[in-house]
Novice: 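Below is the structure I would like to discuss, written out as structure tokens.
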There are 2 protein chains.
Amino acid sequence: MTEAPRPPRTPHPRKPVRGSATGRPLMAALDLFGRRWTLRILWELREQALGFRPLQQRCDGMSSSVLRQRLTELQEARLVEHDTAGDYRLTPLGRDASKELRGLHQWSERWAAALEQAPSDNSDAQP
Amino acid sequence: MTEAPRPPRTPHPRKPVRGSATGRPLMAALDLFGRRWTLRILWELREQALGFRPLQQRCDGMSSSVLRQRLTELQEARLVEHDTAGDYRLTPLGRDASKELRGLHQWSERWAAALEQAPSDNSDAQP
DNA sequence: ACATTCTGCTTCGATTTTCGAAGCACTGGC
DNA sequence: GCCAGTGCTTCGAAAATCGAAGCAGAATGT
């Protein structure tokens with residue numbers, strides 16, 4: 001055999017993660033939440049459990065392969081669980097995390113407001 | 001010419017972003033913060049301005065090309081600015097955002113505590 | 001019973017992102 | 001002059017992400 005196709009890792013507190021070997025819980029969280037779609041999934045699940053495809057649709061039709069990967073990670077991290085009806089829902093820990101997302105939501109509105117005021121000088125910026 | 005090497009886009013509120021065309025500020029924020037190292041950079045700058053290389057070192061020696069990209073994005077998003085001494089520092093908006101990160105920090109400690117209690121049944125989990 | 005739709009999920013090649021080592025020009029000691 | 005430390009760029013390689021396709025099982029309709 002040429003190379004063992006090593007499986008992707010789910011970040012856990014007290015363990016080394018991508019970008020930090022110290023095991024600090026925050027670093028594990030930053031690794032987890034810094035992956036594309038992770039925050040979005042928590043956001044969409046914040047107030048209702050959803051099945052795989054409905055969740056995929058809410059996430060603007062994100063790729064199913066990545067959705068599967070993210071759900072697995074979030075389950076291993078104990079933020080999400082599979083309920084008896086077969087839907088995905090936040091665990092208490094996940095709900096806790098999604099509350100922090102609400103703060104981000106409010107921040108984003110402030111951000112938008114601030115940028116709308118800024119003169120910003122976009123003459124040669126993004127076309 | 002064969003193909004214009006289109007430049008990467010910095011997410012902005014009120015504009016369509018990767019994964020959402022609605023222009024909702026939150027979606028822009030999720031795109032921005034869902035990129036690797038973005039949260040980490042805000043975290044490291046939260047209480048002090050830093051030059052390029054010192055910042056890179058604090059981020060566990062992250063790749064300089066990505067650091068450059070992230071700094072550009074964060075500057076375009078007005079979360080980070082270049083001060084007169086040549087260091088990178090958070091703008092008021094950036095400091096505001098970094099406060100939300102503190103919440104994430106606290107959450108991560110609760111996360112670690114919860115996982116330490118969980119029986120967790122890792123018999124066949126990650127090797 | 002049968003067909004149709006929806007579901008959760010997998011596979012796989014293509015595209016995009018991220019990495020990391022190297023290099024370059026500039027600055028400030030010494 | 002020399003040397004070390006900056007900010008930053010370039011570029012090939014590796015990894016993450018995409019997206020279209022397919023499949024088996026459950027629900028639904030007729």
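What you see is a predicted model, and the numbers here were worked out from it, not measured in a lab. Throughout, protein chains are lettered first and strands after them, A, B, ... in sequence-line order, and every chain is numbered starting at 1.
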Novice: Separation of B/His82 atom NE2 from D/dG7 atom C1', in whole Å?
Specialist: 8 Å
Novice: Does the distance from a Lys or Arg side-chain N to an Asp or Glu carboxylate O, for A/Arg110 and B/Glu100, drop under 4.0 Å?
Specialist: yes
Novice: Between B/Tyr88 and D/dC8, is there a side-chain N or O to OP1/OP2 distance below 4.0 Å?
Specialist: yes
Novice: Give a yes-or-no answer on whether the side chains of B/Arg68 and B/Thr72 include a donor-acceptor pair shorter than 3.5 Å.
Specialist: yes
Novice: Any idea which of C/dC9, D/dT6, C/dT7 is nearest the A/Pro54 side chain?
Specialist: C/dT7
Novice: Would you call the rings of B/Trp107 and A/Phe33 parallel, tilted or perpendicular if under 30° counts as parallel and over 60° as perpendicular?
Specialist: tilted
Novice: Where the side chain of A/Thr91 meets the backbone of A/Gly94, is there a donor-acceptor pair that is under 3.5 Å apart?
Specialist: yes
Novice: Let me know the distance between CG of B/Leu67 and C1' of D/dG7, rounded to the nearest Å.
Specialist: 10 Å
Novice: To the nearest Å, how far apart are A/Asp31 CG and C/dT17 P?
Specialist: 19 Å
Novice: Taking atom P of D/dT6 as reference, at what distance in whole Å does atom CD of B/Gln57 sit?
Specialist: 7 Å
Novice: Could you tell me whether B/Asp31 and B/Arg9 make a salt bridge, using a distance below 4.0 angstrom between a side-chain N and a carboxylate O?
Specialist: no
Novice: Between A/Trp37 and D/dA16, is there a side-chain N or O to OP1/OP2 distance below 4.0 Å?
Specialist: no
Novice: In whole Å, I'd like the distance from the CD atom of A/Gln69 to the P atom of D/dT17.
Specialist: 7 Å
Novice: What does B/Gly51 touch in the nucleic acid at a heavy-atom separation under 4.0 angstrom: a base, only the sugar-phosphate, or nothing?
Specialist: sugar-phosphate
Novice: So if I define the base as every atom that isn't primed, P, OP1 or OP2, how would nucleotides 20-30 of chain C read as a B/S/- string at a heavy-atom cutoff under 4.0 Å?
Specialist: BBBB-------
Novice: Does D/dT17 have OP1 or OP2 sitting under 4.0 Å from an N or O in the side chain of A/Arg70?
Specialist: yes
Novice: Rounding to an integer number of Å, can you tell me how far A/Ile41 CD1 sits from D/dT17 P?
Specialist: 11 Å
Novice: Taking only side-chain N and O atoms of A/Arg36, does any of them lie within less than 4.0 angstrom of OP1 or OP2 on D/dC18?
Specialist: yes
Novice: Just N and O in the side chain of B/Arg35: are any of them under 4.0 Å from OP1 or OP2 of C/dT18?
Specialist: no
Novice: Do the non-hydrogen side-chain atoms of A/Tyr88 and A/Leu67 ever get within less than 4.5 Å of each other?
Specialist: no
Novice: What is the distance, rounded to the nearest whole Å, between atom CG of A/Leu55 and atom C1' of C/dC9?
Specialist: 14 Å
Novice: Find the distance B/Gln56:CD to D/dG5:P and express it as a whole number of Å.
Specialist: 14 Å
Novice: Shortest non-hydrogen contact from B/Gly19 to A/Arg36?
Specialist: N-NH2, 3.9 Å
